[in-house]
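Working notes for the structure below.
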Amino acid sequence: MLRGKYFRNSLALILVISSIPGLIVGGVIYGIAGGWLEQALLQLHKSQIVQRASNVDDQFAYMETSLAHWAFDPKFNSNLYETLFYRDFEIARDITKTLNVMQGSTPLAKNVELYLSGPQSTRFHPEYDAVTDKAVEAMYQDIFTHDNMAFWMQLAADPTDLQEQSLALVHKIPGVDTHPFGAVIVRINEDKAANLLTTLTPYNVGETFLMQSGGTMLLTSSKSPDSASFNEILKQEVVSRGGREGSFLFDYNKNMYTVSYGTLQRIGTEWMYVSASPISAITKPVDFVSKLILSASAAALLLALILSWYASRKIYSPVRRLVALLNGHQTITNSAAEHHDEFTLIEKQWVHLSRESNLLQSKLEEQLAHVREGFLLQLIQGFLYSYSEEDLRERMRGYGWEVDGKQFIVMHVQLTGLANLEGRFTQGDEGLITFAAANMVEELSSSRLSQADVINFHDLSLGLLIMLPSEEEYKEALYELSSDIVNGINKILKLQVSIIISKPATAIDQIPSFYEEAKQASGYRNFVSENQIMDLESIDTAKETNEQRYPFALEREIVQAIRTGQQPEAEALITSFLDALLERGAKEMEVQQSMLQLLFSIFHAIRQLGMDPNQLFGTANMYEQFTSLREPDKMLGWFSHKIIRPFVRELEARSDVQLKKVVETAKIYLQQRYMQEISLDTCADYTGMNAVALSKAFKQVTGINFIDYLTELRMDKAKELLRDTEHKINDIAVQVGYQHSYFNRIFKKHTGFTPSQYRDMHRI
């Protein structure tokens, strides 16, 4: 009985003591909820708004930076001032595409337009349009009254409605000219801007707006009449308080709001953001909950006192057995033995859980290698950009890396020559080959370095992250390791290896950008099947690219062969085209760009013949397919099987193939004799057709008439001679079939420049 009474008294005391904190907490919350909580919420609101305002500032800063970058684009140069866009439709189309790209890359943009103030005021919106309305022209001319090259201003949302104004970012062009004649204009999408401003309200309700420091309203998160009235009153309150930033409590319509405001520095002006969020709805429930806590604590205390005697009889025996178990011995009475022994079950469960814990620990250690690999893959691909430097270091320490006092170096390993193995590997074995190479690189690097981890990209490329002491000289060791990797892969896999060594990084968050730089530098490797080791710290990729002459003559021959359906000749000429690039020492990036230009010219020729490449080659993105090729043989095979052969089959299936062959024969005749006196009659005699029929067929097939084609052919040859030779202009005129005086006039009419001016523009 003594133990039972003691236990009941102790239990009652514990219950009373347990209830006291609830009473105290309820009283404290009830007493301070009205004052301290409001101030705490105000400070919380202010800190959150400052952080989120930084994000809003970044969005507008990104727009300003992007527009400044585009404004200096070579497309927006001084030549646009005298360009006749209704004639130079290629330039107009290129500008339209550029404006569409600009709009797509700017999240807050509603539209991007270009205005040119020249002999004829012109607007691209994004399509070409001549400005004839004087009011619209005056609106655009107001842009040039500003002194700054880039600035924010209010412009008409739609030139057809000059009354409705919207916020716009303007950058004059050309960006390097002190007398600009045009402007690129980005109009803000007010709906997207409103969504962005709503991020400044940390609760579900509230109002946010941007205004100029003088009080002019720029953007709001809501357009409702109630919101407009509230924003106007709040704006007056903020202006009356003054200052560049601050926070305060604001009572409006029996609701208490926390208000924070600050400034954003923009180009040519200063903005102020104001954010208001209600806290009345929060403090009222707190008052209710605090009272509820007091009531519940009192009720719980009363109930605990009533049930304490009954509960003590039920829980005393298990507690005694638990104490005995923890003390290492057990005292069990006869009456207790008749009942189920719960603590025996607890003991068995404890042992079982211990075994499970050990098993899970061993599995975790087994999976650690995969977890480390996944982390490195995310890190090197830039997916962990949101983590701070300290967070990244802490995670890497947790995975077993030593990162303090280290410098980080990444290596990009690219395997080539798969097409030359002649049956050793087949297409689709890239993952298997990369896996074997990764194992070899891991074994070689672990034998030389204490911390080196391989990342397998499964596409004939690897990444290698190396951690070395900050002051340790690493170049010799890395070159020796690179040589071992090259020799091992050459010997076992019979593949060539290109290795690019990055600059040393002192911070983990620099690793993704350094690796991307190394990966991009692989485009500067020699485009031949040979081993190459490049150190980005020792080379300047900007100086690696020598001037390359694009083989225009071969391009014309290739297009001509394809047009006439000469498959073997076209394939041989493409091989000569690639050989010409390689003989001049072209890098991988230059080869891909030149071959893509050839592919574009072929597509252009196909369209001129009345065929649609999308129907001919299906919905596949042929440019994307080609950019994945990194070996000459694969490029040649791709052109043969994917481009030339499907086109020749389609060309031969068409009923008018004979007519097109006659026209192509005539074009070959012109290309071979353009320097002589040629007429439509002489060309018709050569092809065996009537002159009128040939003229009609020539226009139908090529889209231009006979004399225009001959003139364009002669002008292209003249341009080539002016660029690539030092021949006298009189001699060049004779070589392309013109008298000197007539040659000067027609050349200027065709290009807009005299021959001398054209040569000076393209002289190295």
Let's go through Thr98 and Phe124 carefully: what are the C-alpha distance in whole Å and the side-chain angles of both, what is the deciding distance for side chain to side chain contact (heavy atoms under 4.5 Å, CB included) to 0.1 Å, and is it a yes or a no?
CA-CA 11 Å; Thr98 301; Phe124 286 84; over 6 Å; no
Go through Ser121 and Tyr115 one step at a time and tell me if the side chain to side chain donor-acceptor pair (under 3.5 Å) criterion holds.
CA-CA 7 Å; Ser121 295; Tyr115 173 73; 3.2 Å; yes
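Within the model, atoms CG of Leu465 and CD1 of Ile511 stand 5.0 Å from one another, a figure rounded to the nearest 0.5 Å. Taking CE from Met467 and CD from Gln407, the interatomic distance works out to 12.0 Å, rounded to the nearest 0.5 Å. From Phe375, atom CZ reaches atom CH2 of Trp401 across 6.0 Å, with rounding to the nearest 0.5 Å. Atom-to-atom distance recorded for Asn189:CG and Leu196:CG is 11.5 Å, nearest 0.5 angstrom. A distance of 8.5 Å separates CZ of Arg52 from OG of Ser275, quoted to the nearest 0.5 Å. Atom-to-atom distance recorded for Leu114:CG and Asp129:CG is 12.0 Å, nearest 0.5 angstrom.
Using cut-offs of 30° and 60° for the angle between ring planes, the Trp152 and Phe60 rings count as perpendicular. Taking the six-membered ring for Trp and thresholds of 30 and 60 degrees, Phe250 and Phe248 have ring planes more than 60 degrees apart, a perpendicular arrangement. Classification of the Phe72-His171 ring pair by plane angle, with boundaries at 30° and 60°, yields perpendicular.
Counted within 6.0 Å of NE2 on His146, heavy atoms from surrounding residues, nucleotides or ligands total more than 12; the atom is thus considered enclosed. Heavy-atom contacts from other residues, nucleotides or ligands closer than 6.0 Å to CD of Glu402 number 12 or fewer.
Considering all non-hydrogen atoms of both residues, Val131 and Thr122 come closest at CG2-C, 4.1 Å. Considering every non-hydrogen atom in both Ile500 and Ala518, the closest pair reads CG2-O, 3.5 Å. The two residues Tyr252 and Ser229 come nearest to each other via the heavy atoms OH-OG, 3.8 Å. Nearest heavy-atom pair, Ala276 versus Val259, reported as atom, atom and distance to 0.1 Å: CB-CG2, 3.9 Å. Taking both residues in full, the closest heavy atoms of Val184 and Phe76 are given as CG2-CE1, 4.3 Å, listed atom of the first, atom of the second, then distance. Nearest approach of Ile173 to Ala71, heavy atoms of both residues: CG2-O, 3.9 Å.
Among pairs with a residue in residues 213-222, none fulfils salt bridge (charged side-chain N to carboxylate O under 4.0 Å, His left out), at least two apart in sequence or across chains. Pairs engaging residues 371-384 under the salt bridge (charged side-chain N to carboxylate O under 4.0 Å, His left out) rule: Arg372-Asp453 [sequence neighbours left out]. Applying the side-chain hydrogen bond (donor to acceptor under 3.5 Å, both in side chains) test to residues at least two apart or on different chains, the pairs with a partner in residues 54-63 are Asp57-Arg266.
Of the possible donor and acceptor atoms, one in the side chain of Thr198 sits under 3.5 Å from a partner among the backbone N and O of Asn195. Using a distance-only test at 3.5 Å, with no hydrogens or angles considered, no donor-acceptor pair links the side chain of Thr220 to the main chain of Phe209. Formation of a donor-acceptor pair under 3.5 Å by the Ser105 side chain with backbone atoms of Met102 is found in this model. Put simply, the side chain of Asn253 never gets that close to the backbone of Asn255: no donor and acceptor are under 3.5 Å apart. A donor-acceptor contact shorter than 3.5 Å is absent between the side chain of Thr208 and the backbone of Ser221. Judged by distance alone, the side chain of Glu207 and the main-chain N or O of Ser277 form no donor-acceptor pair under 3.5 Å. Of the possible polar contacts, none joining the Arg244 side chain to the Thr263 backbone as a donor-acceptor pair under 3.5 Å is found.
The shortest distance between side-chain heavy atoms of Val112 and Trp70 does not fall below 4.5 Å. A 4.5 Å side-chain heavy-atom check between Ile409 and Ser502 finds at least one atom pair inside the cut-off. When side chains are defined from C-beta on, Gln212 does not count as touching Glu270, because their heavy atoms never get closer than 4.5 Å. Taking 4.5 Å as the limit, every side-chain heavy atom of Tyr261 sits out of range of all side-chain heavy atoms of Lys235. Side-chain contact between Thr83 and Leu116 is absent, with no heavy atoms from C-beta onward closer than 4.5 Å. With a 4.5 Å cut-off on side-chain heavy atoms, Gln154 and Leu218 count as touching. In this structure, the side chains of Met211 and Val239 come closer than 4.5 Å at one or more pairs of heavy atoms. Met63 is listed as a side-chain neighbour of Ile188, based on a closest heavy-atom distance under 4.5 Å.
For Thr65, there are no side-chain hydrogen bond (donor to acceptor under 3.5 Å, both in side chains) partners at least two apart in sequence or on another chain. With sequence neighbours left out, the side-chain hydrogen bond (donor to acceptor under 3.5 Å, both in side chains) criterion links Glu516 to Gln520. In this structure, Phe514 has no ring pair (Phe, Tyr, Trp, His ring centres under 6.0 Å) partners at least two apart in sequence or on a different chain. Residues meeting the side-chain hydrogen bond (donor to acceptor under 3.5 Å, both in side chains) test with Tyr515, sequence neighbours left out: His412. Legend: residues meeting side-chain hydrogen bond (donor to acceptor under 3.5 Å, both in side chains) with Thr145, ordered by chain and number and at least two apart, are Asp142. Looking at residues two or more places apart in sequence or on another chain, you find no salt bridge (Lys or Arg N to Asp or Glu O under 4.0 Å) involving Asp94. Considering only residues two or more places apart in sequence or on other chains, Glu127 meets the salt bridge (Lys or Arg N to Asp or Glu O under 4.0 Å) condition with none of them. Partners of Glu137 by salt bridge (Lys or Arg N to Asp or Glu O under 4.0 Å), not counting sequence neighbours: none found.
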Just list the side-chain donor-acceptor pairs under 3.5 Å for residues 389-397, sequence neighbours left out, or say none.
residue, atom, partner, partner atom, Å
Glu389, OE1, Ile508, N, 3.2
Glu389, OE1, Asp509, N, 3.0
Glu389, OE2, Arg393, NE, 2.9
Glu389, OE2, Arg393, NH2, 3.4
Glu389, OE2, Ile508, N, 2.9
Glu390, OE2, Arg397, NH1, 3.4
Asp391, OD2, Ser388, OG, 3.0
Arg393, NH1, Val403, O, 2.8
Arg393, NH2, Thr506, O, 3.4
Glu394, OE1, Arg397, NH1, 3.1
Arg395, NH1, Tyr387, OH, 3.3
Arg395, NH2, Tyr399, OH, 3.2
Arg397, NE, Asp404, OD2, 3.3
Arg397, NH2, Asp404, OD1, 2.9

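Taking the ring centre of Tyr140 as origin, the terminal cationic atom of Arg123 falls outside the region bounded by 6.0 Å and 45° from the ring axis.
The residue from Lys192, Arg187, Glu190 that alone fulfils the side-chain contact (heavy atoms from CB on, under 4.5 Å) condition with Leu108 is Lys192.
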